[in-house]
Amino acid sequence: MMMRALRRRINAWYARAGRALPWREPDCGPWGVFLSEVMAQQTPLARVEPIWRDWMQRWPTPAALAAAAPGDAVRAWGRLGYPRRALRLHEAATVMVERHGGDVPTTPAELLALPGVGAYTAAAVACFAFGIPEVVVDTNVRRVLARTVEGKAFPHLTLTRAETDLATRAMPAQRHTESSARDEANVWNVAVMELGALVCVARGPRCEECPVADLCAWNVAGRPAYEGPPRRGQAWHGTDRQVRGEILRRLREEHRPVPLTALDGAGPERAQVLRCLDSLVADGLVEPLGRNRFRLPA
DNA sequence: GATTCGTGGCT
DNA sequence: TAGCCAAGAAT
């Protein structure tokens with residue numbers, strides 16, 4: 001039926017147009033895939049690649065990262081954003097050493113138990129690193145299915161049960177553990193994500209280049225505008241996020257403890273700077289030395 | 001379920 | 001220009 005045609009065409013498109021990303025190379029290994037998936041959370045892949053190469057060279061195994069200071073991970077994270085991910089990556093590497101023999105665990109349940117790993121990342125690593133045909137649902141998959149199948153410009157604000165069910169139905173049928181079915185499922189997962197990232201993008205979709213334009217319910221209906229609750233933007237100016245980011249930027253640049261007076265300018269109000277400093281310490285991203293000096297955690 | 005959490009490119 | 005959005009997770 002329609003799903004089968006969608007899969008066939010999208011998989012064929014991916015074979016032709018998919019990007020040659022380093023973590024897609026056959027010899028990348030589970031650790032490289034794991035790193036790439038955490039780094040890619042809410043982050044465009046173009047920004048991930050240089051940081052990923054840096055980390056892979058510096059910490060080629062979970063044990064190598066676990067042996068480093070967490071602050072080194074935070075510093076090497078640079079400006080990728082959401083720096084708690086760097087800390088959780090370090091924690092996850094420690095768990096891998098202590099409980100999994102220094103390897104990335106192979107089952108979705110074990111992956112889900114790692115810090116910084118949710119439903120998406122667990123499924124993605126299981127699929128892309130170990131060939132387990134999990135249902136991978138990210139923002140790209142949700143948008144492609146919302147358009148092609150449901151005829152809507154955008155999916156719901158939050159992932160719904162109906163969307164997970166739809167993504168499950170979109171997967172090729174699993175006839176036991178037949179290897180060809182597994183392969184098709186694994187290709188489908190990455191191919192549909194790639195279509196969402198390159199063609200079926202949120203704004204300015206390139207339907208002229210889309211391999212399933214004639215099958216797409218949204219395109220066939222004339223690409224009707226989004227109807228639904230307003231998609232709230234993320235506030236930035238004057239927020240704690242901005243101040244936390246500025247504090248961390250200063251600490252990354254200094255390789256010795258930074259006095260509080262050097263952090264004052266991180267925000268317009270001293271009270272906010274102090275509040276953000278507290279929250280960064282609580283998160284484990286900043287280590288206080290006495291009352292007036294701070295550094296990345298050793 | 002609704003919020004919070006970075007950063008920067010693109011329209 | 002100002003807002004939208006990106007291979008989400010944790011609380």
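In what follows, chains are A, B, ... by sequence order, proteins preceding strands, each numbered from 1.
Using atom P as the reference point in both dC5(B) and dA7(C), the two lie 22 Å apart (nearest Å). Spacing between dG1(B) and dA6(C) at atom C1', rounded to whole Å, works out to 22 Å.
Using a 4.0 Å heavy-atom criterion, one finds that Trp23(A) contacts the bases of the nucleic acid, with or without backbone contacts as well.
Between Glu194(A) and Arg24(A), at least one side-chain nitrogen of the basic residue sits less than 4.0 Å from a carboxylate oxygen of the acidic one, meeting the salt-bridge criterion. Between Arg58(A) and Asp54(A) there is no salt bridge, since none of the side-chain N atoms of the basic residue sits less than 4.0 Å from a carboxylate O of the acidic one.
Between the CG atom of Leu21(A) and the P atom of dA6(C) there is a distance of 17 Å, given to the nearest Å. Atom CG in Leu87(A) sits about 21 Å away from atom P in dG8(C), given to the nearest Å.
Other cluster members for Leu277(A): Val74(A), Leu87(A), Val243(A), Ile247(A), Leu248(A), Leu251(A), Val258(A), Leu260(A), Leu263(A), Val273(A), Leu274(A), Leu280(A), Val281(A), Leu285(A), Val286(A), Phe294(A), Leu296(A), joined by side-chain heavy-atom distances under 4.5 Å among Ile, Leu, Val, Met, Phe, Trp and Tyr. Taking Ile, Leu, Val, Met, Phe, Trp and Tyr as members and joining any whose side-chain heavy atoms lie under 4.5 Å apart, directly or through other members, Trp236(A) forms no hydrophobic cluster with any other residue.
Residues forming a side-chain contact (heavy atoms from CB on, under 4.5 Å) with Ala298(A) (at least two apart in sequence, or on another chain): Glu287(A), Arg295(A). Under the side-chain contact (heavy atoms from CB on, under 4.5 Å) criterion, Pro26(A) pairs with no residue at all, not counting sequence neighbours. Taking the side-chain contact (heavy atoms from CB on, under 4.5 Å) definition, one finds that Ala124(A) meets it with Glu37(A), Tyr120(A), Phe128(A), Val136(A), sequence neighbours left out. When the ring-ring contact (aromatic ring centres under 6.0 Å, His included) test is applied to Trp52(A), the partners found at least two apart in sequence or on another chain are Trp23(A).
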Please list, one pair per line, the donor and acceptor atoms closer than 3.5 Å that link side chains of residues 91-106 of chain A to other protein atoms, with sequence neighbours excluded.
{"unit_1": "Thr94(A)", "atom_1": "OG1", "unit_2": "His90(A)", "atom_2": "O", "d": "3.0"}

Show which side-chain atoms of residues 200-218 of chain A pair as donor or acceptor with protein atoms under 3.5 Å away, not counting sequence neighbours.
{"unit_1": "Asp214(A)", "atom_1": "OD1", "unit_2": "Arg9(A)", "atom_2": "NH1", "d": "2.6"}
{"unit_1": "Asp214(A)", "atom_1": "OD2", "unit_2": "Arg9(A)", "atom_2": "NH2", "d": "3.2"}
{"unit_1": "Trp218(A)", "atom_1": "NE1", "unit_2": "Pro224(A)", "atom_2": "O", "d": "2.8"}

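Residue pairs satisfying the side chain to side chain donor-acceptor pair (under 3.5 Å) criterion with at least one member in residues 239-252 of chain A, sequence neighbours excluded, are listed as follows: Tyr82(A)-Arg241(A), Asp240(A)-Gln272(A), Asp240(A)-Arg275(A), Arg244(A)-Ser279(A), Arg244(A)-Asp283(A), Glu246(A)-Arg249(A), Glu246(A)-Arg250(A), Arg249(A)-Glu253(A).
Contacts between residues 111-130 of chain A and DNA chain B, counted as heavy-atom distances below 4.0 Å, involve no residue at all. A heavy atom lying under 4.0 Å from DNA chain C marks the following residues of residues 138-160 of chain A, by number: Asp138(A), Thr139(A), Asn140(A), Arg143(A), Phe154(A).
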ask   = What one-letter contact string describes nucleotides 4-11 of chain B from 5' to 3', where B marks a base within less than 4.0 Å of any protein heavy atom, S marks contact via sugar-phosphate atoms alone, and - marks no contact?
value = -BBBBBB-

